[in-house]
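Reviewing the structure listed below.
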Amino acid sequence: MAERIDCAVIGAGVVGLAIARRLAQAGREVVILEAEDAFGTHTSARNSEVIHGGIYYPTGSLKAKLCVIGKKVLYRYCAEKNVNHKRIGKVIVATDETQLDGLKKYQRQGEVNGVDDLKSLNRDELAALEPAVLGVAGVLSPSTGIIDSHGLMLAYLGDAEDRGASLALKSPVESGRITGDGIELSVGGDESMAIVCNTVVNSAGLHAQALARRIAGIPPETIPPTYYAIGHYYTLTGATPFRHLIYPVAGRNWLGVHVTLDLGGRCKFGPDFGWIDSIDYTFNTSREAAFYEAIRRYYPGLQDGQLQPGYTGIRPKIHGPGTEAPDFMIHGPQDHGVKGLVNLYGIESPGLTSSLAIADYVYDLLD
Ligand SMILES: Cc1cc2nc3c(=O)[nH]c(=O)nc-3n(C[C@H](O)[C@H](O)[C@H](O)COP(=O)(O)OP(=O)(O)OC[C@H]3O[C@@H](n4cnc5c(N)ncnc54)[C@H](O)[C@@H]3O)c2cc1C
């Protein structure tokens, strides 16, 4: 006999945990099913830990809306719960005149998205703010910040558990089927079991599409294709010369090799962007020369030997090479016709920043 539960959230990354918290706080019985032996070991542990302002995303997109709202509620949440974070600010830099249009475009898009605190910087203002940075102009985003993503996940989990939710580790959901009586899931691991749920949220990150395909009854045409794009980070040895996060003017699919400072004041550069065929976090050191070249365009003081391999992260993509990054794809019953089910696909950046807002959005889809 399958056990019956109210809600299963599949995946204990930052987004799954935020959703579990939201559902538990609304009085629902929640079990979080996580394949690994700890929460937050995949994309939520392998990112830039930046609280994004919400500048780049297309007008009206979920990315734009959920990032701008998510940032505000996240700052409030971090202050209330003592999650380590810092509103450090970010500077986008145009390194020559050809990038001035791009810089203006970012600023306009940010303003359309409701980022109302952007400030233009001329060459002198940029130099005063960031003496080590080479550039002809910049835009300052004061509301961009950095955050301890592990501390954030711990806080979400604590809130969820306080309202009765439980986290089942080493509990990979292997398959499922939609029945007239709910959604049945087969859970593997040491104590494999079948459960029937009123509500299922598939927040399995890099595995979300593969899992959805293994749940009989989800219309296959609603499941997007799966692609992966790796990003490498290099760390800077020695003292950091930057006071803010520094971003170049880049393309639309990716923010360019940028400077991130962590809460301990250490500086890292990345991520770069490369399509890969499978989930493999191996660090490819052949990228080093490209990193030196990209960084020296805005930080000419970088010395040979100062970059050390750091870590990699993999973007959960729903589009392939040569196409523009689409919006977050969050499918509720009206999209796939299955009562009580939400599938989250392509939750790449700014998913961390947006996590609380995504949780509200998912809750509303199920309501
Ligand atoms: C390189 C990089 C940099 C980024 N930088 C930023 C940033 O600075 N700011 C920002 O806002 N966002 C950033 N992001 C995006 C952000 O990290 C993600 O949006 C967010 O972490 C996604 O969280 P998640 O919970 O959806 O996925 P994940 O953290 O991947 O969690 C999914 C979980 O599901 C589990 N799982 C998978 N399959 C199953 C199964 N069958 N059964 C049970 N469990 C399963 C996995 O083990 C995993 O724990 C970045 C992303 C990348 C790749």
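Counting convention: from 1, in listed order, for ligands and their atoms alike.
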Does Thr353 reach the main-chain N or O of Val50 with its side chain, forming a donor-acceptor pair under 3.5 Å?
yes

Using a 4.0 Å cut-off to any heavy atom of Glu49, which atoms of ligand 1 qualify?
8 (O)

Can you tell me which residue and heavy atom of the protein come closest to atom 5 (N) of ligand 1, and the distance to 0.1 Å?
Ser48 N, 3.2 Å

What is the nearest protein non-hydrogen atom to atom 39 (C) of ligand 1, stated with its residue, atom name and distance?
Ala204 CB, 3.9 Å

Is it the case that ligand 1 has an N or O less than 3.5 angstrom from some N or O of Gly313?
no

re atom 21 (O) of ligand 1, the protein heavy-atom contact at minimum distance is Ser44 OG, 2.9 Å

Pull out every atom of ligand 1 sitting under 4.0 Å from any heavy atom of Pro172, numbered as shown with elements.
42 (N), 43 (C)

Please classify the Ser171 to ligand 1 contact at 4.0 Å (heavy-atom distances, strictly less than): side chain, backbone, both or neither.
backbone

Kindly confirm or rule out an N or O of Glu34 lying under 3.5 angstrom from an N or O of ligand 1.
yes

Would one find more than 12 heavy atoms of other residues, nucleotides or ligands at under 6.0 Å from atom CG of Asp364?
yes

What's the separation between atom CG in Leu157 and atom CD1 in Ile32, rounded to the nearest 0.5 Å?
5.5 Å

May I ask you to list the atoms of ligand 1 that are less than 4.0 angstrom from any heavy atom of His42?
30 (O), 46 (C), 47 (O), 48 (C)

Which residue holds the protein heavy atom closest to atom 40 (C) of ligand 1, what is that atom called, and what is the gap in Å?
Val173 N, 3.7 Å

I'd like to check whether His207 has a polar contact with ligand 1, where a contact means an N/O of the residue lying under 3.5 Å from an N/O of the ligand.
no

Less than 3.5 Å between some nitrogen or oxygen of Thr41 and one of ligand 1, yes or no?
no

What atoms in ligand 1 come closer than 4.0 Å to a heavy atom of Ile314?
53 (C)

Test Phe269 against Tyr234 for ring-ring contact (aromatic ring centres under 6.0 Å, His included), laying out the working first.
CA-CA 5 Å; Phe269 295 95; Tyr234 275 88; 9.0 Å; no

If we only count N/O pairs under 3.5 Å, is Gly205 in contact with ligand 1?
no

Verify the ring-centre separation between Tyr298 and Tyr247: is it less than 6.0 angstrom?
no

Show me which atoms of ligand 1 lie under 4.0 Å from any heavy atom of Val14.
20 (C), 21 (O), 23 (O), 25 (O)

Are any of the N or O atoms of Asn47 closer than 3.5 Å to those of ligand 1?
yes

Nearest candidate to atom 15 (C) of ligand 1, where distance is taken over non-hydrogen atoms, out of Ser355, Ala208, Gly16, Ser349:
Ser349

What is the distance from atom CG of Asp159 to atom CD of Glu80, rounded to the nearest 0.5 Å?
9.5 Å

Is there a heavy atom of Arg46 sitting under 4.0 angstrom from any atom of ligand 1?
yes

Taking only non-hydrogen atoms of Gly231, do any sit less than 4.0 angstrom from ligand 1?
no

For ligand 1, find out whether one of its N or O atoms is nearer than 3.5 Å to an N or O atom of Leu352.
yes

Side chain to side chain donor-acceptor pair (under 3.5 Å) between Asp181 and Thr179: does it pass, once the steps are laid out?
CA-CA 5 Å; Asp181 187 34; Thr179 74; 5.4 Å; no

Quick one: does any side-chain atom of His150 pair with a main-chain N or O of Asp148 as donor and acceptor, under 3.5 Å?
no

Do NZ/NE/NH1/NH2 and the carboxylate oxygens of Lys170 and Glu191 come within less than 4.0 Å?
no

Any chance the rings of Tyr106 and Tyr56 have centres within less than 6.0 Å?
yes

Protein heavy-atom partner closest to atom 44 (N) of ligand 1 - residue, atom, separation in Å:
Ala35 N, 3.1 Å

Distance, nearest 0.5 Å, that separates CD1 of Ile55 from NZ of Lys105
14.5 Å

Can you pull out the closest protein heavy atom to atom 8 (O) of ligand 1? Residue, atom name and distance to 0.1 Å, please.
Val50 N, 3.0 Å

Closer than 4.0 angstrom, basic N to acidic O: yes or no for Asp360 and Arg22?
yes

Would you call Tyr233 a ligand 1 contact, heavy-atom distance under 4.0 Å?
yes

To check your reading of the model: name the closest protein heavy atom to atom 34 (O) of ligand 1, its residue, and the distance in Å.
Gly11 CA, 3.2 Å

Examine Arg315 against ligand 1 and note whether any of their N/O atoms are separated by less than 3.5 Å.
no

Relative to ligand 1, is Thr353 under 4.0 angstrom through side chain, backbone, both or neither, heavy atoms considered?
both

Relative to ligand 1, is His52 under 4.0 angstrom through side chain, backbone, both or neither, heavy atoms considered?
side chain

So, are Arg297 and Glu293 salt-bridged, with charged N and O less than 4.0 Å apart?
yes

Do Gln209 side-chain atoms and Pro225 backbone N/O form a donor-acceptor pair below 3.5 Å?
yes

Could you tell me which atoms of ligand 1, counted from 1 in the order shown, lie closer than 4.0 angstrom to a heavy atom of Glu36?
47 (O)

Using modelled atom types and a 3.5 Å cut-off, is there a donor and acceptor pairing between side-chain atoms of Arg296 and backbone atoms of Leu302?
yes

List the steps and the verdict of side chain to side chain donor-acceptor pair (under 3.5 Å) for Asn198 and Arg28.
CA-CA 10 Å; Asn198 301 324; Arg28 306 286 302 266; over 6 Å; no

Please report whether ligand 1 has a polar contact with Val15, defined as an N or O pair separated by less than 3.5 Å (distance criterion only).
yes

Would a distance-only check, ignoring hydrogens and angles, find a side-chain to backbone donor-acceptor pair under 3.5 Å from Tyr57 to Cys67?
no

Polar proximity ligand 1 side, Ile347 side, N/O cut 3.5 Å exclusive
yes

Closest to atom 32 (C) of ligand 1 among protein heavy atoms sits Ser203 O, 3.6 Å

Please confirm whether the backbone N or O of Ala208 pairs with a side-chain atom of Asn202, one donor and one acceptor, at under 3.5 Å?
yes

In terms of atom number and element, which parts of ligand 1 are under 4.0 angstrom from non-hydrogen atoms of Glu348?
15 (C), 19 (O)

